[in-house]
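Report on the structure given below.
From a predicted model like this one, the values you see are computed outputs, not experimental measurements. Just follow the structure's listing: the first ligand is 1, and inside any ligand the first atom is 1. Below, all heavy atoms of this structure are taken into account, side chains as well, without hydrogens, waters or symmetry copies.
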Amino acid sequence: MRMSKFFLPVLKDTPAEAQIVSHRLMLRAGMIRQSSAGIYSWLPLGHRVLKKIEQIVREEQNAAGAQELLMPTIQPADLWRESGRYDDYGQEMLRITDRHDRDMLFGPTNEELITDIFRGSVRSYRQLPLNLYHIQWKFRDEVRPRFGIMRGREFLMKDAYSFDLNAEAARHAYNKMFLAYLRTYERLGLKAIPMQADTGPIGGDMSHEFITLADTGESEVYCHADYLDFGAPDAAVSYDDDLSSVIEHWTSRYAATDEKHDPARFEAEVPEDCRIATRGIEVGHIFYFGDKYTKSMGATVMNAEGVEVPVEMGCYGIGVSRLVGAIIEASHDDDGIIWPASVAPFDVGLINLKVGDDACNGAVADIYEKLGKAGVDVLADDTDGRAGGKFATMDLIGLPWQIIVGPRGVKSGVVEIKERRTGERQELSLDAAIAAVTGR
Ligand code: 5CA
């Protein structure tokens, strides 16, 4: 992609309304544009990151055996009357009336709709286990939408729903999602700690929130410092294994959000120098709620003895759009964003310092073509601006690598490469520069 054609409306000034760094940087880097309180358009740069995150989430859900479908954003109120949540959900739910005076709503979550799909088609325990998910926009009329896309009113969520015959099988389904979450966040370059949490309007008695630590987070959290050194289980751990030891390990130390925090236990279980009391961002939340919805909505299957029993359910959410902000909170410096390679909107920023100069143009075209052939996504700055401005924009948008082509270097057959994360610069021949950024 050439910068001169790319829609990248960067802002020079820091927008006054943005209180936290991720919101500031997303606005400055031209990733999002607010349309009304808590509702945003995703501009091309932001959209690329959102789609990359979505794809990693999708791949890890699929690897865990979940199947993707797509449910609508608009749902009939009657389904929510069956579960009793139509009245309970309160003002966070956006209620809509269609032209036939039917009560509809913009879905804040999908337990009712998926349970309705399930009961319409599944009759026998032989069709279990089943885990269905979608990645779809949700609407919650939050009292205080803030921090940009972090607490939006419209936001993108991955929500998966598991159906099992009994509590033991449902526990395994929960453990599988737990493992999938550890792997997902690791691929996103994030350290997310599973913490005991409240279940709120979703319900159930077992749940974990996955939290990334950040001073700007909305939740107060307390945990053992050991978690900072825990890594995701390696690829040899399979979803067919008994995963209880993985889950035991990852829940072996104290970790709780403020609603579940027990100061006496915290002090008793965690040595003073290992106590972390800070804030965090909830990037995912998993729940086991048994037959809460299947009982009220009549979602039953015939078991092996021919008896009809309600199905055991869990649900598993990831805040896909919130993750964009959470990653920036975890990975930036004074100059801008530092994208982990896995979610970067482009892999390389290619800067031409003297547009119009034949030698520079030639070198840039050569590198652009070779990187393209190697499957590397390049944003080439072919604009006519000053060098200082070009460097500042590249640092702001945070691509992992920069290749800088200038007249002096080209004369002696070299270009400069800069790694955004470390700031390290090297002068290399064209081919060596290409090899460095492609890792070959
Ligand atoms: N039905 C379940 C998940 S299957 C559910 O709705 N869970 S939730 O309420 O905890 O939301 C799941 C995730 O969505 C949260 O962990 C959070 O990362 C994200 N999320 C929730 N509310 C917002 C919001 N207002 N803005 C951005 N992301 C949000």
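In summary, the atoms of ligand 1 found under 4.0 Å from a heavy atom of I149, numbered by their order in the structure, are 27 (C). Atoms of ligand 1 found under 4.0 Å from any heavy atom of V283 (numbered from 1 in listed order, with element): 18 (O). Residue-ligand proximity, G284 to ligand 1, at heavy-atom distances under 4.0 Å covers atoms 16 (O), 18 (O). Close approach to Y316 involves these atoms of ligand 1, each under 4.0 Å from a residue heavy atom: 3 (C), 4 (S). Contact atoms of ligand 1 toward H285: 10 (O), 16 (O) (distance under 4.0 Å to a heavy atom of the residue).
Residue contact check for ligand 1: R153 places no non-hydrogen atom closer than 4.0 Å to it. Every heavy atom of I286 sits 4.0 Å or more from the atoms of ligand 1.
Not a single salt bridge (charged side-chain N to carboxylate O under 4.0 Å, His left out) links K191 to another residue, sequence neighbours left out. D98 meets the side-chain contact (heavy atoms from CB on, under 4.5 Å) test with H100, R102, M104; sequence neighbours excluded.
In this structure, the protein non-hydrogen atom closest to atom 22 (N) of ligand 1 is F155 CZ, 3.5 Å. Looking from atom 5 (C) of ligand 1 to the surrounding protein, the closest heavy atom is I202 CD1, 3.7 Å. Summary of contacts: the protein heavy atom closest to atom 2 (C) of ligand 1 is C315 SG, 3.5 Å. Of the protein's non-hydrogen atoms, the one nearest atom 27 (C) of ligand 1 is M150 O, 3.2 Å. Considering only non-hydrogen protein atoms, atom 13 (C) of ligand 1 sits nearest to G319 N, 3.9 Å. At the shortest separation from atom 12 (C) of ligand 1 among protein heavy atoms lies M157 CE, 3.7 Å. For atom 7 (N) of ligand 1, the closest heavy atom belonging to the protein is F287 CE1, 3.5 Å.
Checked by distance only, ligand 1 and E282 come closer than 3.5 Å through their nitrogen or oxygen atoms. For ligand 1, the polar-atom distance check finds an N/O of E111 within less than 3.5 Å of one of the ligand's N/O atoms. Residue E142 has at least one nitrogen or oxygen atom sitting less than 3.5 Å from a nitrogen or oxygen atom of ligand 1, judged on distance alone. For a threshold of 3.5 Å applied to N or O pairs, the pair formed by D159 and ligand 1 contains no separation below that value. Taking only nitrogen or oxygen atoms, main chain and side chain alike, G152 reaches within less than 3.5 Å of ligand 1.
Under the 4.0 Å criterion applied to side-chain N and carboxylate O atoms, R85 and E111 are assigned as salt-bridge partners.
Geometrically, R95 engages Y86 in a cation-pi contact, judged by NZ or CZ lying under 6.0 Å from the ring centre and within 45° of the ring axis.
Neither the backbone nor the side chain of N110 has any atom closer than 4.0 Å to an atom of ligand 1 (non-hydrogen atoms only). Contacts between R140 and ligand 1 below 4.0 angstrom, taking non-hydrogen atoms only, involve the side chain exclusively.
Evaluated for a salt bridge (charged side-chain N to carboxylate O under 4.0 Å, His left out) with E60, the options K176, R183, R187 yield exactly one hit, R187. Considering Q136, H285, K138 as possible partners of D159, the one that fulfils the side-chain hydrogen bond (donor to acceptor under 3.5 Å, both in side chains) test is K138.
More than 12 heavy atoms of other residues, nucleotides or ligands sit less than 6.0 Å from atom CD of E308.
Between F287 and Y316, the distance separating the two ring centers is not shorter than 6.0 angstrom. A ring-centre distance under 6.0 Å is not found for F118 and Y293. Aromatic ring centroids of F230 and H249 lie under 6.0 Å apart.
Considering every non-hydrogen atom in both F266 and I276, the closest pair reads CZ-O, 3.7 Å. Of all the heavy atoms in L70 and H134, the pair that sits closest is CA-CB, 3.9 Å. Closest approach of A326 and L190 over heavy atoms only: O-CD2, 4.1 Å.
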